[in-house]
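All chains are named by letter (A, B, ...) in the order of the sequence lines, taking the proteins before the strands, and each is independently numbered beginning at 1. Basis for what follows: all heavy atoms, side chains included, without hydrogens, waters or symmetry-related copies.
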There are 2 protein chains.
Amino acid sequence: MRVTIRDVAQRAGVSVSTASRALSGARPVGTELTTRVTAAARALGYRQNRLASALRTQRTGTVGMVVPQISNPFFPALVEAIERSLSGSGRQLLLCDAQRDPAVEAVRLQALADRQVDGLIVAPVSAVASADALAAVAAEVPVVQVDRYVTDADLDWVGVDDAAGLRLIAGHLADVGARTVVLVSAGSESSTGRSRLAGFGPAAARHRLTTAEPLLGEYGIDWGVRAADLLRARGPLPDAIVGGNDEIALGVVRGLRAAGVRVPDDVLVTGFDDAGFAALADPALTTVRQPHALIADECVRLLDLARAGGEQAPRRIALAPTLVVRASTTRS
Amino acid sequence: MRVTIRDVAQRAGVSVSTASRALSGARPVGTELTTRVTAAARALGYRQNRLASALRTQRTGTVGMVVPQISNPFFPALVEAIERSLSGSGRQLLLCDAQRDPAVEAVRLQALADRQVDGLIVAPVSAVASADALAAVAAEVPVVQVDRYVTDADLDWVGVDDAAGLRLIAGHLADVGARTVVLVSAGSESSTGRSRLAGFGPAAARHRLTTAEPLLGEYGIDWGVRAADLLRARGPLPDAIVGGNDEIALGVVRGLRAAGVRVPDDVLVTGFDDAGFAALADPALTTVRQPHALIADECVRLLDLARAGGEQAPRRIALAPTLVVRASTTRS
DNA sequence: TTGTATGCGTTATCAT
DNA sequence: ATGATAACGCATACAA
């Protein structure tokens, strides 16, 4: 049988409550008894049954996270950062994958709520189709959205300041001599697609860059390849192509190269996110890095705030990204 | 207050035990009462408190997993597969990141055990430094190693058949006309480094390929770049370079390209694992794909077997990989 | 400061 | 087949 707190108490010659208090530090315990208890605990190799504790305290020390797809190269870094941020306060991450399906996502959200997680960090699959399920769980457990958010639900959100990211990119492109730029990004189904599109025009204008009509498709390498063809069909290429994320940018590079256009020699290309492979690509991608650690910390902070403060107006926290200049915009 | 099974029982006009049995199906319950109970449960929106259930049944329905580093591009696909395999039986994955540190890993293993996970799936950070902690938790909960294993611990393992993978690669290289090949891989600190090295010679011999002295460093793009230089310094390049994993292969490609050597035109290059970026790289990497879904299923199966059967001789399951031919070995 | 007794929500045991 | 009751391991209200 496992060693329980009863065994510890017995061995230390105290009551169970004293043992509990001595170990948790919830209430003061005499110095001698404290040492007796801790000694007994160590001697017996006692380790708390977190389940029983959670049942009693209503706190599991676990936080649930649902990502659209963990194999999507953007999320592992985020998961890692959140796992790390949580472990700072002794909590653990219960990770679920939504398989890009709002229905699966809904099941996962409920399952996590049933396991009494202390909070839920969610990157919703869809801006609209995920809304109901998210609102439902939010009624029973604190929820923070990360990266993406759903429309029509007043929930906290933490992500990157897309407008600021695009300003960084525009500034850099202007610095290296670009005059004409075009955006290749995702449409407005996702919240990030919308805000990146909205941020692009003003950012370009601020740095006196001439823009052409944006090409909007979806986040993915295939769309980037296709967009490169569309762009060439349009006429002379711009000086620079701004990808809505790294995958699109990589697709653009590949599409261009297949047509004999060299990057960065003939055209500059930038990405967004700094997903793992951006540095591995050839040419390595100039991109905007999301501050994973800060995003993670903010998520955790909002979660704790929600637990403490109860109902509040939803907070939306957009953190500043940083520019990472690599070979795709560096002419030798 | 949350709705508990008491509420359901009351509304259905039965005892709590009957309600429990009707809902769980543990013991037969009269048809009428069953319908009354399920109706009441649905009407009240009852959802079981998994914690309380777990405390009683000693089964949490969660499986812990510890990976060396989730941002390492090999692991997300594995995590996804395991998450999926588990969800088939209604279980969930508690994911931890060891931050490449055996000490952190040890803490995570204990934390998961304290949370009463039903099983543990671990890709150990180090073949030697991870052994003690792994053996310790294995004493209290079923453990299955995946991908890598520790020496000196009799624990189940599921992974890929490295020798078979290298035979696939050698066969393919022979098919496309290569005569001389060299291995660039990791040393023998990791179990995979050891077995891939061991499998290379026989695989090459089987297909009448001439081999040169292998270059052994570590899994990582930097080593690949450096190895490319070492290889060029050695004299004329071989027809093909076999990377110990995809990162090394990518580094080799980059190192060669920096020196003006073209892939695949001048030299063929292969990887191992089919990590996410292998398909995204340029040129896309010919590699050996690990059967993630099968590996995941086997992990789960062994876990369940261990729960059921108690102590057994450790099982080591090496699954057959498949060859993925891409541009890095395809001359146009 | 310490001990006693109760309950968290559920399932298992033992009756009937 | 059904119900009363105890117990899982822990933390806390209350009493001393």
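- Across the protein-nucleic acid pair, A:Arg6 atom CZ and D:dC10 atom C1' stand 10 Å apart, rounded to whole Å.
- The separation between A:Leu55 atom CG and C:dT10 atom P is 9 Å, rounded to whole Å.
- Only one option out of B:Leu109, B:Val144, B:Leu94 pairs with B:Leu120 in a side-chain contact (heavy atoms from CB on, under 4.5 Å); it is B:Leu109.
- Here the C1' atom of nucleotide C:dG9 and the CZ atom of B:Arg2 are 10 Å apart, to the nearest Å.
- Using a 4.0 Å cut-off on heavy atoms, the residues of residues 16-53 of chain B that approach DNA chain D are B:Ser17, B:Thr18, B:Arg21, B:Pro28, B:Val29, B:Gly30, B:Leu33, listed by number.
- Across the protein-nucleic acid pair, B:Arg56 atom CZ and C:dT10 atom C1' stand 8 Å apart, rounded to whole Å.
- The residue A:Ile5 sits close only to the backbone: its heavy atoms come under 4.0 Å of sugar-phosphate atoms, none of a base.
- The side-chain hydrogen bond (donor to acceptor under 3.5 Å, both in side chains) test applied to B:Gln145 returns no partner, not counting sequence neighbours.
- Residue pairs meeting the salt bridge (Lys or Arg N to Asp or Glu O under 4.0 Å) criterion with at least one member in residues 96-110 of chain B, sequence neighbours excluded: A:Glu83-B:Arg108.
- Between the side chain of B:Ser191 and the backbone N or O of B:Tyr149, at least one donor-acceptor pair lies under 3.5 Å.
- Under the side-chain hydrogen bond (donor to acceptor under 3.5 Å, both in side chains) criterion, A:Ser15 pairs with A:Ser17, A:Thr18, sequence neighbours left out.
- The interatomic distance linking A:Gln58 (CD) with D:dA11 (P) rounds to 13 Å, in whole Å.
- The salt bridge (Lys or Arg N to Asp or Glu O under 4.0 Å) analysis of residues 6-21 of chain B, with sequence neighbours excluded, yields no pairs.
- The side-chain hydrogen bond (donor to acceptor under 3.5 Å, both in side chains) check on A:Glu189 picks up nothing, with sequence neighbours excluded.
- For B:Asp147, the salt bridge (Lys or Arg N to Asp or Glu O under 4.0 Å) criterion is met by no residue, not counting sequence neighbours.
- Within the structure, every side-chain polar atom (N or O) of A:Thr4 is placed at least 4.0 Å from both OP1 and OP2 of D:dG9.
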Quiz item: Can you give the dot-bracket line for DNA chain C, using ( ) for pairs inside the strand, [ ] for pairs that cross earlier ones, | for pairs with another strand and . for unpaired bases, where Watson-Crick and G-U count if both distances are under 3.5 Å?
Solution: ||||||||||||||||
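- With rounding to whole Å, A:Arg115 atom CZ is found 14 Å from C:dT10 atom P.
- Shown here are the side-chain hydrogen bond (donor to acceptor under 3.5 Å, both in side chains) partners of B:Asp114, two or more places apart in sequence or in another chain: A:Arg47.
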